[in-house]
Number of protein chains: 2
Amino acid sequence: MRSYGQYCAVAKALDVIGDRWTLLIVRELLQGGPSRYTDLRNGLPGIATNLLSERLRDLEAAGLVKREDAPPPVATALFSLTPRGEALGPVLHELGMWGVPYMTEGPASRDAFRGRWLAWPAENFLADGDPDAPPVALELRVGGDSVVVEAAGGEIRTHPGPATQPDAVLTGPPHPILGLLSGGIDLAEARRRGVELQGEEGVIARLRPAGGVPTA
Amino acid sequence: MRSYGQYCAVAKALDVIGDRWTLLIVRELLQGGPSRYTDLRNGLPGIATNLLSERLRDLEAAGLVKREDAPPPVATALFSLTPRGEALGPVLHELGMWGVPYMTEGPASRDAFRGRWLAWPAENFLADGDPDAPPVALELRVGGDSVVVEAAGGEIRTHPGPATQPDAVLTGPPHPILGLLSGGIDLAEARRRGVELQGEEGVIARLRPAGGVPTA
DNA sequence: CCGCATCCGGGGCGATACTG
DNA sequence: CAGTATCGCCCCGGATGCGG
């Protein structure tokens, strides 16, 4: 990308990751770990193939991504983040948190969706209402893939699913699940809109203790 | 900007602030407070006037910026951030911190510079080495404007200068000042490269206690 | 099938000129 | 001072081709 020509940390950062699609590629690698070209293409609906390959080359040249030849059984290239690339985690976290309000308005007509993208709304809306209780895991299973939300000791963590032993599983379309997490609708209303809950119902109550949005 | 068409918090955020120059305009408003058009133009060397006005319109439409008619003595429009715009503070902070390493390599030949841009390197490299001592203020005066770095109770804060009663003032070209802050060069070498120190020399020692880069 | 390279149309961007 | 107007260019998007 064309440099801003400013001796400023923010401008220099944008010189490196300001190109279109670049941060979304980093998002994929952060959430999915080492990935094949096709995995990335699949996680980035809408990207043109030439842009993906060009960005990967740029990111490699900038030292954020490294390309490895996979071990024998796979025999294909794997892209993964270098430490410098992983250091973008906090940036993406803050950016995602800032963007969560745009999701509560519902998806635009033709928006693509992946279940793992619920990680940011989950971290934003949920809290561990009972820090002294044993850890619980809630799996959100939407549109073919899933995120696991874990609450332990007052902390909320998310990582790509599926979970080995989830205490509860929510299945259904993205918008009512989001409404349930944010407190905009209750469980009965969510069920009416296609959400199914397996496992302990108490998990939901623990993660959304106030019945509203905490720390808004 | 063209939407990514993804129902993801990060993608939605980039739909709003992913356009070129947009985050740098927010940077100016965050650091400088309510600003006139010309102030923004001055703080954003390299931007085309049509882009600045177009971005300001977009930002206003998105609810991140509000335009106010200034009080009588000034009689010109002032642009300032809404709460939603100010909520980008943590994003810019993380982005700036991530970009600091690109500044230690020195400015490119034709890079523009403003003293306040030293805020991020200062927050990154400095620490309060003596939390129990009374607060101190260090002013960095570079290229016509300045930042104030305050250390109090173990915390480092920065805000646009000048300071009312600085305990020390560093004046000089950006690169050796940065080298001094980062620990890459010592005070004697910095002086050789055009840096001048007024006030208490001990302030420098307190802010760079280990003589190296803390929490690297 | 995977991982690109190439080609081409359209629009965002950059620089300058111009206006109230 | 605070923008608007204009124009060339390059980045981006979409489609297709192609070697391993």
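The shown structure was predicted, so the numbers you read here are calculated from the model rather than taken from an experiment. Labels below follow one simple rule: chain letters A, B, ... track the order of the sequence lines, proteins then strands, and each chain is numbered from 1. Heavy atoms only: backbone and side chains are in, while hydrogens, waters and symmetry mates are out.
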### Query
Rounding to a whole Å, what distance do you find between A/L78:CG and C/dC4:P?
12 Å

### Query
Which pairs count as salt bridge (charged side-chain N to carboxylate O under 4.0 Å, His left out) when at least one residue sits in residues 79-94 of chain A, sequence neighbours excluded?
none

### Query
Which parts of residues 12-20 of chain A get close to DNA chain D, meaning a heavy atom less than 4.0 angstrom away?
A/D19, A/R20

### Query
Is A/R20 positioned over the aromatic face of B/Y4, cation under 6.0 angstrom from the ring centre and no more than 45 degrees off axis?
yes

### Query
Are side-chain N/O atoms of B/T171 and B/E196 paired as donor and acceptor at under 3.5 Å?
no

### Message
Do the side chains of B/E60 and B/R57 get close enough for a salt bridge, i.e. N-O under 4.0 angstrom?
### Response
no

### Summary
To the nearest angstrom, the CG-C1' distance between B/L51 and D/dG3 comes to 13 Å

### Message
How bent is the helix from C/dC1-D/dG20 to C/dG20-D/dC1, measuring the angle between the end axes built from five pairs each, rounded to 10°?
### Response
30°

### Task
Quick one: label A/Y4 by what it contacts on the DNA or RNA (base, sugar-phosphate, nothing), any heavy atom closer than 4.0 Å.
nothing

### Query
Salt bridge check: are B/D186 and B/R208 linked by an N-O gap of less than 4.0 Å?
no

### Task
Run the numbers on B/F113 and A/Q6 for side-chain contact (heavy atoms from CB on, under 4.5 Å), then give the verdict.
CA-CA 6 Å; B/F113 180 73; A/Q6 297 184 359; over 6 Å; no

### Summary
Note: A/W21 and A/P45 closest approach over all heavy atoms is CH2-O, 3.8 Å

#### Entry: Side-chain ion pair, A/R157 and A/D128, N-O less than 4.0 Å
no

### Message
Looking at B/W21, I'd like to know whether one of its side-chain N or O atoms comes within less than 4.0 Å of OP1 or OP2 on C/dG14.
### Response
yes

### Query
Considering only heavy atoms, which members of residues 52-62 of chain A lie under 4.0 Å from some atom of DNA chain C?
A/S53, A/R57

## Note on the structure
Tested for side chain to side chain contact (heavy atoms under 4.5 Å, CB included) against B/L140, the lone hit among B/L178, B/V169, B/T158, B/L170 is B/L170

### Ion pair A/R116/A/E28, N-O distance below 4.0 Å
yes

### Message
Within the 4.0 Å heavy-atom criterion, would you say A/R41 contacts the bases, only the backbone, or no part of the nucleic acid?
### Response
nothing

### Query
In terms of side-chain heavy atoms of B/F79, which of C/dG3, D/dA2, D/dG3 is nearest?
D/dG3

### Query
Is the shortest side-chain N/O distance from A/R2 to OP1 or OP2 of C/dG12 below 4.0 Å?
no

Polar pairs (N or O, both sides) under 3.5 Å between protein and nucleotides 6-8 of chain C?
none

#### Entry: Under the salt bridge (Lys or Arg N to Asp or Glu O under 4.0 Å) test, residues paired with B/R27 that sit two or more places apart
none

